Amino acid sequence: MAKATQGFVVIGAQNVFFSITNLRTLTEIERGKYPIGLGEDVFVNEVISPETVDTIVSALLAIQQLFTDYGVETIHVVGSHSVFEAPNAEFVRDQLLNRTGWQVSHLSLSEEAFYRNQAVMARFPNFEAVTQTGTVLIDVSSGSVELTTFANGEFGFSRNFSLGPLRVYEVMRDVQRTEPNYVEILRDFIDSRLIDFMRLLPDDVTYTNMILMGSSLSVLETLIPTGQNAVAATRERFETLYDQVIHASDQFLMEQYDLPLNQVSQVLPIVLLINRLVQTLHSQTIFVSNLKLLDGVEINASLVQGYKAVSFDPNEEIITSAQNLASRYQVDQKHMATTVDFALTLFDRLKKMHGMSKRDRLLLQVAATVNDIGSYIDTHLHYAHSDYLIAASEIIGLTATEHQMVGTIAHFHSSDTPQTDLANLPEVNAVDRLRIAKLSALLRVADSLDASRQQKIQELSVSLRPDTVVLSARANDDIELERWTLALKGQFFTQVFGREIELKRRNTR
């Protein structure tokens, strides 16, 4: 087993962050950052330059030496989604591997949101108490802003916007030079991007609290007392700061907030964005936190490796995110719940046959939750519509590969039988194609068991025999439609697992 003390590296748009952390206690032994100019390359030139690669390599080699000095053996190196926006990102990743020996993992937007949520849930003071009332978490990185809602102590939904202050500054640079009413134009630009987020907010929740975190909050982090990781500010205090900042000179901002010159241009987009959200959501308390994506990466590693430093179940966010997606597209809730229940029952009872992991069980649950969202567009070929709606949506916490797998499983839950070995998915490796096939086969069976959409089957038992899987259903009505549908859709199950599947009815007592 790997030692509890491990090294973490996060390559962002403006900095390479690193830490040495004991995962058993989530105690940081060492933490720091190295500035890089990658964001300017990506957002302006749309290519990472050789000079920037050299800067990143120098930072990684320095961190590598520090890890060696501490005797750190297990190291996690990840790149934020901003890094991989550049067309030459994969070439750069290969160069970093060749020059440092470190493989940089690509974080998807949904993974980043997932890790940030874990960071605040584990390390933000009194998080559960604060989020009993409506709370919006705003993570500000150089290239994007992630808005996440909480209410009654539970995760609501998450949405990402390309409103990071460095990106906004680069987009609006010419406007700032030529237009005297730049602040008004910038405000309108931000408002136009926030319309969709506001539309998704539930009408019955008031977001009185706002939590700010992220790598681009330097101007606000000066409010946090030394030795603490968060501070609460009233709306009035924030508005005073806002009025001061929008009228301040660059020199004043550098001196007052101890900012380097290259970050001054990002201050106005940050405070304008936050002010617009405060005004629109009527937030009364603004919490400023110095938590970063790095914190969430550490916490996730601790959870994955079985340490008990935090008590929450991270999979709940993934499931809630899938349920929110199903609700958005008005999925039949009773059929969805029944399908999920049958799918998980099949997975659990047939574990000796399929040999899959807990993570596969989670993917099956997610796929069973969202497989019918395509019916919102058209019931004809709804499974194909589900596939591309899933691809275009965010399910927080899934890797890019897992996201694609869920869409493919949803596609093939219907009678549209794929090529048996899924060789028509060349972008997916052989191991993952087999996982898709197994999970699709289980989901097909689960969906068949409520073919009438009347939840006739009250109880399901599963028996694994040498050549057959026998499903015994306690039902309150005839299940001939379910039996006929299973005979059709269960053929793929037989191809995948080499066993026939049979449905028998037992009368309800």
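Values below: all heavy atoms of this structure, side chains included; hydrogens, waters and symmetry mates excluded. This one's a predicted model, so the numbers in the text were calculated from it and none came from an experiment.
With sequence neighbours left out, S357 forms a side chain to side chain contact (heavy atoms under 4.5 Å, CB included) with R359, D360. Remark: Y70 pairs with E30 by the side-chain hydrogen bond (donor to acceptor under 3.5 Å, both in side chains) rule, at least two apart or across chains. Every residue two or more places apart in sequence or in another chain was checked for a ring-ring contact (aromatic ring centres under 6.0 Å, His included) with H335, and none qualifies. Residues that satisfy the side-chain hydrogen bond (donor to acceptor under 3.5 Å, both in side chains) test with Q323, not counting sequence neighbours, are absent from this structure. Contacts of E316 classified as side chain to side chain contact (heavy atoms under 4.5 Å, CB included), with partners at least two apart in sequence or in another chain: D313. Judged as a salt bridge (charged side-chain N to carboxylate O under 4.0 Å, His left out), and not counting sequence neighbours, D450 has no contacts. Partners of D196 by salt bridge (charged side-chain N to carboxylate O under 4.0 Å, His left out), not counting sequence neighbours, listed by chain and number: R199. Remark: D348 pairs with R361 by the side-chain hydrogen bond (donor to acceptor under 3.5 Å, both in side chains) rule, at least two apart or across chains. By the side chain to side chain contact (heavy atoms under 4.5 Å, CB included) test, A337 pairs with no residue at all, sequence neighbours left out. Residues passing the side chain to side chain contact (heavy atoms under 4.5 Å, CB included) test with S141 are R116, D139, S144, S215, sequence neighbours excluded.
Checked by atom type and distance alone, the side chain of N300 never pairs as donor or acceptor with a backbone atom of V297 at under 3.5 Å. Not one N or O on the side chain of S289 forms a donor-acceptor pair closer than 3.5 Å with the backbone of M213. Between the side chain of Q454 and the backbone N or O of A451, no donor-acceptor pair lies under 3.5 Å. A donor-acceptor distance shorter than 3.5 angstrom exists from the side chain of R483 to the backbone of L503, with no hydrogens or angles considered. Here the side chain of R193 pairs no donor or acceptor atom with the backbone of S162 at under 3.5 angstrom. Put simply, the side chain of D295 never gets that close to the backbone of R123: no donor and acceptor are under 3.5 Å apart. The closest donor-acceptor contact from the side chain of N22 to the backbone of R24 lies under 3.5 Å. The backbone N or O of K334 sits less than 3.5 Å from a side-chain atom of T338, completing a donor-acceptor pair. Without hydrogens or angle criteria, T135 side chain to T133 main chain gives a donor-acceptor distance under 3.5 Å. Although no hydrogens or angles enter the test, the distance criterion places no donor-acceptor pair under 3.5 Å between the side chain of T485 and the main chain of S448.
Inter-residue side-chain proximity for S386 and N371 is flagged as unmet; no heavy-atom pair is nearer than 4.5 Å. In this structure the side chain of W102 never reaches within 4.5 angstrom of the side chain of I11, judged on heavy atoms. The closest side-chain heavy-atom distance from T369 to I319 is not below 4.5 Å. Looking at V120 and T131, their side chains never come closer than 4.5 Å, going by heavy atoms from C-beta outward. Under the 4.5 Å side-chain criterion, counting only non-hydrogen atoms from C-beta, D372 is not in contact with M336. Looking at T21 and Q6, their side chains never come closer than 4.5 Å, going by heavy atoms from C-beta outward. For the pair L217/N290, no side-chain contact is recorded, criterion being any heavy-atom separation below 4.5 Å from C-beta on.
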- Message: Does I63 form a side-chain contact (heavy atoms from CB on, under 4.5 Å) with I75? I'd like the steps, not just the answer.
- Response: CA-CA 11 Å; I63 295 167; I75 298 164; over 6 Å; no
- Item | Derivation and outcome, side-chain contact (heavy atoms from CB on, under 4.5 Å), residues M353 and R499 | CA-CA 10 Å; M353 182 187 73; R499 285 179 170 89; 3.4 Å; yes
- Message: Walk me through whether F412 and F492 qualify under ring-ring contact (aromatic ring centres under 6.0 Å, His included).
- Response: CA-CA 10 Å; F412 292 128; F492 186 60; 7.5 Å; no
- Message: Quick one, L364 with L346, criterion side-chain contact (heavy atoms from CB on, under 4.5 Å). Give me CA distance, side-chain angles, the key distance, then yes/no.
- Response: CA-CA 11 Å; L364 177 62; L346 289 165; over 6 Å; no
- Item | side-chain hydrogen bond (donor to acceptor under 3.5 Å, both in side chains) assessment of E502 paired with T468 | CA-CA 7 Å; E502 178 183 339; T468 310; 5.4 Å; no
- Query: Between L137 and F124, is a side-chain contact (heavy atoms from CB on, under 4.5 Å) present by the stated rule, with each step listed?
  - Reply: CA-CA 11 Å; L137 169 66; F124 184 82; over 6 Å; no
- Item | Candidate pair E298 and S19, rule side-chain hydrogen bond (donor to acceptor under 3.5 Å, both in side chains), full reasoning | CA-CA 9 Å; E298 294 171 356; S19 70; 2.4 Å; yes
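Atom CD of Q103 sits in a crowded spot, with more than 12 heavy atoms from other residues, nucleotides or ligands closer than 6.0 Å. Residue Y388 places its OH atom among more than 12 non-hydrogen atoms of other residues, nucleotides or ligands, all under 6.0 Å distant. Residue N98 places its CG atom among more than 12 non-hydrogen atoms of other residues, nucleotides or ligands, all under 6.0 Å distant. Within a 6.0 Å sphere centred on CZ of R328, other residues, nucleotides and ligands contribute more than 12 heavy atoms. At most 12 heavy atoms of other shown residues, nucleotides or ligands fall within 6.0 angstrom of atom OH in Y376.
Taking all atoms of both residues into account, the shortest heavy-atom contact from I274 to M210 is CG2-SD, 4.1 Å. The two residues A322 and V366 have their closest heavy-atom pair at CB-CG1, 4.0 Å. Here the shortest heavy-atom pairing between F84 and S105 reads CE1-O, 4.2 Å. Considering every non-hydrogen atom in both L460 and T345, the closest pair reads O-CG2, 4.3 Å. Residues G397 and E402 share a closest heavy-atom pair of O-OE1, 4.3 Å. Contact record, G134 with V205: CA-CG1, 3.9 Å, taken as the closest heavy-atom pair.
Among pairs with a residue in residues 193-212, those fulfilling ring pair (Phe, Tyr, Trp, His ring centres under 6.0 Å) read F157-F197, at least two apart in sequence or across chains. Sorted by first and then second residue, the salt bridge (charged side-chain N to carboxylate O under 4.0 Å, His left out) pairs with a member in residues 73-93 read K3-E73, E85-R167, E90-R93; sequence neighbours excluded.
For the residue pair Q64/T100, the side-chain donor-acceptor check at 3.5 Å is not satisfied. Of the N and O atoms on the side chains of S158 and T148, at least one donor lies less than 3.5 Å from an acceptor on the other residue. Side chains of T401 and T399: a donor-acceptor N/O pair is absent below 3.5 angstrom, by distance only. Side chain to side chain, E482 and S452 meet the donor-acceptor criterion of an N or O pair below 3.5 Å.
A salt bridge links R435 with D432: the distance from a Lys NZ or Arg NE/NH1/NH2 to an Asp or Glu carboxylate oxygen falls below 4.0 Å.
Remark: of the listed residues F347, F493, F497, F347 is the sole one forming a ring pair (Phe, Tyr, Trp, His ring centres under 6.0 Å) with H354.
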